[in-house]
There are 2 protein chains.
Amino acid sequence: MARGSETRKRILDVAQDSVLAKGFDATSIEEIVASAEITKSGFFYHFRDKNALARALIERHIEVEDELFDDLLGRARELSDDPLQAALIGMKLLAELIEDMPGGHPGCIVATAVYQDRLFDRDVHEANRRAVLGWRRRFRAMFDEIAQAYPIHDEVDLDHLSDMVSSVIEGGIVMSRAIGEPRITAQQVMLLRSYIKMLFAPRIQ
Amino acid sequence: MARGSETRKRILDVAQDSVLAKGFDATSIEEIVASAEITKSGFFYHFRDKNALARALIERHIEVEDELFDDLLGRARELSDDPLQAALIGMKLLAELIEDMPGGHPGCIVATAVYQDRLFDRDVHEANRRAVLGWRRRFRAMFDEIAQAYPIHDEVDLDHLSDMVSSVIEGGIVMSRAIGEPRITAQQVMLLRSYIKMLFAPRIQ
DNA sequence: CGAAAAACCCCACCGCAGGTACAGTACCAA
DNA sequence: TTGGTACTGTACCTGCGGTGGGGTTTTTCG
C-alpha cells in the first residue's frame, strides 16, 4: 500500500474507534490527529473537513457490512437448500455474531449520522440513504425467494418486511445502549426470526 | 403559573423544537436564548449547563409519552374487552398516530441521547434508562394479560417481546430519517402488530 | 540523476460555542 | 423595608473546527 493511503487508513481506523465509542461530535480532530500520529495539517491534507471524514467512514462501513452480510447469508445458504431454512439459519448466525461482539453491537454509524442531522452535509446523508436502500434490496431478494416457495400467512408488504431487518437491528442497538444491556440487539433479531418463521413456515398439526 | 417556571417552560419548548429538528449538539444555547427572548445569564440561571437542559427535556418527554400511551391503550381497552384485541387496536391507533405526525415521528429524544454518549452525564443516561425500562414494564403487563387468555405459538420471552415495541419504534425512526420516508415507522408498527396477532391469535381452519 | 509532484510538518490565527464570574436591577411577598 | 427570586449586562476563558502559508521530506517518473 502506498504511503498516502496507509496514513488515510490509519486516520479512518482511529476515527472509527472513537466515533463508535463516543459519537461523532465528541470525537475531535485533534484527538484523531494525536492517535494517528500525524499533524492537523496532515489530516486536512487527506480530508477537506469533518464532513469528508464522516462520508469516508460511512462508505467504508457500508462495504464492510455488505461483505459481512454476503458471508453470513452465503454460509447460511450452504447449510440449507431451502430458502426459508437458509434465512432462519442466517438470522441465527446474525444474532450470534452480534452477541459475540464485545460489549454488544458497537453501534451503527448510519444511525449516528441520522441523529446528528445538521452536522453533516447532503453527501453524507446521500451515502446513508444508499446504504439503507441497499439493505432493503438485499433482504427483499431473500424474502422474494421464500415467498415463491411458501405461502404467506398474513398480508404483508415484502419491502416493509425487508426494512424490518434493518429496523430491528437499529432499534435493538438504541435499546441496548439506553438500558446498558448488550444482549438486547441479539434478542430482538431472534424475535424477528420467530416472526419470519411463523409468517412463512407451514403450520404443523 | 409563577413567572420563573413560565420562563423555564418557554426555554424547554423552544429547545425541544430545535433539538427534534436538528439534534441536540446542533442546537446552540445562544439560539435558544434568542428564541425564548431571554439572555444567556437567564438561561444559566435556570439550567447549570447544557446537560441539565437535556435531563429536563428527557424527563418531560417521558411524562408526555407516558400520558400518550396511557390514553392510547386506555381507549383501545374501551373498544374491546379482550386483551389481545385491545392490544391489536392499540397498535393500530399507535401506527395512525405516528402516521398523522407531520413529517413522520419527530424523532425520539431518548435515541438522541444514546447517540451522543459523551455529551451527557450520568444523570441523563439514568433518566434515559428509567424511561426505557418503564416502557418495558408497561408492555410486559399488556402481554402478560394476553398470555393468560391465549396460547403462545412460539417460545418467546415476554420481556424481549415488550422491548420489541420500543425497539421497532426506535428502529423505524432511524430508518425513516435515513431514507427520508416518514411512513416507515408506522409500517414497522403494523408489522409488529402482525407478529403479535400470529403469535397469540387462535389459528382458524 | 534531477525535477516535479505527493505527502506531509510547523505555526499563527480566526470565529463560534459552551461556560464562568460577578455586579447590578426589577419585582414580589412577608 | 427587607430579602429572596428572577433575571440583565459585560467581560472573559477554553476548546474545537477550520484557514493560510511557508517549509521539508519522500516518492515517482522521465
Side-chain angles (χ1 to χ4, degrees), chain A residues 1-19 21-58 112-113 115-125, chain B residues 1-19 21-58 112-113 115-125:
Chain A
M1 181 153 43
R3 183 163 149 256
S5 50
E6 204 173 88
T7 305
R8 199 185 136 92
K9 186 185 176 299
R10 209 166 63 241
I11 295 174
L12 286 174
D13 285 342
V14 301
Q16 181 167 34
D17 285 348
S18 189
V19 166
K22 329 190 293 186
F24 189 77
D25 59 302
T27 301
S28 74
I29 293 177
E30 263 146 50
E31 186 191 330
I32 295 171
V33 159
S35 299
E37 288 175 321
I38 48 160
T39 59
K40 218 171 168 182
S41 313
F43 175 87
F44 283 106
Y45 175 79
H46 287 286
F47 304 96
R48 323 179 45 228
D49 51 25
K50 232 188 166 187
N51 255 303
L53 174 69
R55 200 164 56 245
L57 277 177
I58 288 180
T112 301
Y115 274 101
Q116 273 151 47
D117 262 23
R118 290 291 154 107
L119 239 149
F120 304 115
D121 60 19
R122 207 183 301 146
D123 286 348
V124 175
H125 287 114
Chain B
M1 182 154 43
R3 186 164 143 252
S5 50
E6 203 173 89
T7 305
R8 200 184 133 92
K9 186 187 175 297
R10 208 167 63 241
I11 294 174
L12 286 174
D13 285 342
V14 302
Q16 181 167 32
D17 285 348
S18 190
V19 167
K22 327 191 293 186
F24 188 77
D25 60 302
T27 301
S28 75
I29 293 177
E30 262 147 49
E31 185 191 329
I32 294 171
V33 304
S35 299
E37 288 175 319
I38 48 159
T39 60
K40 214 172 169 182
S41 315
F43 174 87
F44 284 106
Y45 174 79
H46 287 285
F47 304 95
R48 338 182 26 237
D49 51 25
K50 233 187 164 186
N51 256 303
L53 174 69
R55 198 162 59 246
L57 277 177
I58 288 179
T112 301
Y115 275 101
Q116 272 149 51
D117 262 25
R118 291 292 154 104
L119 238 149
F120 303 116
D121 60 20
R122 205 184 302 148
D123 286 348
V124 174
H125 288 116

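The structure presented is a predicted model; accordingly, all values stated were derived computationally and were not measured. Chain A is the first sequence line, chain B the second, and so forth, proteins listed ahead of strands; every chain is numbered from 1.
The side chain of A:Thr7 places no N or O atom within less than 4.0 Å of a non-bridging phosphate oxygen (OP1 or OP2) of C:dA7. Between B:His46 and D:dC7, a side-chain N or O to OP1/OP2 separation shorter than 4.0 Å is present.
Between atom CZ of residue A:Arg55 and atom CG of residue A:Asp49 there is a gap of 7.5 Å, rounded to the nearest 0.5 Å.
Between the side chain of A:Lys50 and the backbone N or O of A:Phe24 there is at least one donor-acceptor pair closer than 3.5 Å.
For the pair B:Leu53/B:Val19, no side-chain contact is recorded, criterion being any heavy-atom separation below 4.5 Å from C-beta on.
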Pairs under 3.5 angstrom only: tabulate donor-acceptor contacts from the side chains of residues 32-44 of chain B to other protein residues two or more places apart or in another chain.
residue : atom : partner : partner atom : Å
B:Ser35 : OG   : B:Glu31 : O            : 3.2
B:Thr39 : OG1  : B:Gly42 : N            : 3.2
B:Lys40 : NZ   : B:Glu30 : OE2          : 3.4

How would you summarise protein contacts on nucleotides 16-26 of chain C per nucleotide, using B for base, S for sugar-phosphate only and - for none, with heavy-atom distances below 4.0 Å? -SBBB------
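For A:Asp17, the side chain to side chain contact (heavy atoms under 4.5 Å, CB included) criterion is met by no residue, not counting sequence neighbours. Residues that satisfy the salt bridge (charged side-chain N to carboxylate O under 4.0 Å, His left out) test with A:Asp13, not counting sequence neighbours, are A:Lys9, A:Arg60.
Atom-to-atom, CD1 of A:Ile32 to C1' of D:dG18 comes out at 14 Å; the value is rounded to the nearest Å. The NZ atom of A:Lys9 sits 18 Å away from the C1' atom of C:dA7 (whole-angstrom rounding). Between the P atom of D:dG22 and the OH atom of A:Tyr45 lies a distance of 18 Å, rounded to the nearest Å. In this structure, CZ of A:Phe47 is placed 13 Å from P of D:dG18, rounded to the nearest angstrom. Rounded to an integer number of Å, the gap from CD1 of B:Ile11 to C1' of D:dA6 is 11 Å.
Within 4.0 Å (heavy atoms only), B:Gly42 reaches at least one base atom of the nucleic acid.
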